[in-house]
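Scroll down for the structure; my scribbles are underneath it.
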Amino acid sequence: MGNQGDLTTPGELLGVIEEFTPGEGCYEHQGQVRAAVVGKVFYDMINRKSNIIPERKNLSFKLRKAKYVYGVVSSLKEDYAIVEVSGVEERFINPSITGYLHISQVAQKHVKDLRDAIRPSDVIKAKPISFTYPLQLTLRGRDLGVIIAYCSVCGTLMIKADEEHLKCPNCNNVEPRRIGPYTVRGNGSRS
Ligand SMILES: [Zn+2]
């Protein structure tokens, strides 16, 4: 468990379900309570709930200046992905904004199949390249890409195997990804 007021990024481990139930801006996955959004963590000791308190300012202004945003891949189409953007740099936005990621913007090199780079429920760090809706996103750039991913077979949080593959510590399934600053370590914790 972190400290009151700590800044969280999506996917960050806040505690286990025996300690806290997921409140606002949090979710539970396999007994672990994690941050769903960018914000500040507030542990409600009386109700034993963890909540993420959003911070808001002028959204359009923030987006224009944003070096990166955080989002969750909600679905894949033939040549683009739909992304729910819920964080602008380290600030949480609510409601989330729909983002659009074209296959040509996934990597520097040509990507034949979107599933080789991203999959639904992945958390990505992306850069906005237009400011109309849906927000156009790119993963072309240093420090951009998938930051959290779950195994397509068993749902376990995956760890980095090499620069282009993630591995499931539970079932050993290996999947390709456009990997960004991936922070999940071998024991499933984040640093
Ligand atoms: Zn697995």
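As the structure lists them, so they are numbered: ligands from 1, and atoms in each ligand from 1. Because the structure is predicted, anything quoted here is derived from the model rather than measured. Counting begins at 1 with the first residue of the sequence.
- With C26 as the partner, the side-chain contact (heavy atoms from CB on, under 4.5 Å) test is satisfied by one option alone out of V41, V33, T21: V33.
- Looking at residues two or more places apart in sequence or on another chain, you find a side chain to side chain contact (heavy atoms under 4.5 Å, CB included) between R115 and L76, D113, R119.
- Under the side chain to side chain contact (heavy atoms under 4.5 Å, CB included) criterion, N47 pairs with D44, sequence neighbours left out.
- Residues I93 and V85 meet the side-chain proximity criterion, which asks for heavy atoms closer than 4.5 Å.
- Under the 4.0 Å criterion applied to side-chain N and carboxylate O atoms, R177 and D122 are assigned as salt-bridge partners.
- Around the Zn ion (ligand 1), the protein N, O or S atoms closer than 2.8 Å are C151 SG, C154 SG, C168 SG, C171 SG, listed by chain and residue number.
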Using atom types as modelled, flag every donor-acceptor pair under 3.5 Å from a side chain in residues 154-168 to any protein atom, sequence neighbours excluded.
from : atom 1 : to   : atom 2 : distance (Å)
D162 : OD1    : E164 : N      : 2.8
D162 : OD1    : H165 : N      : 2.8
D162 : OD1    : H165 : ND1    : 3.0
D162 : OD2    : H165 : ND1    : 3.3
E164 : OE2    : K109 : NZ     : 3.0

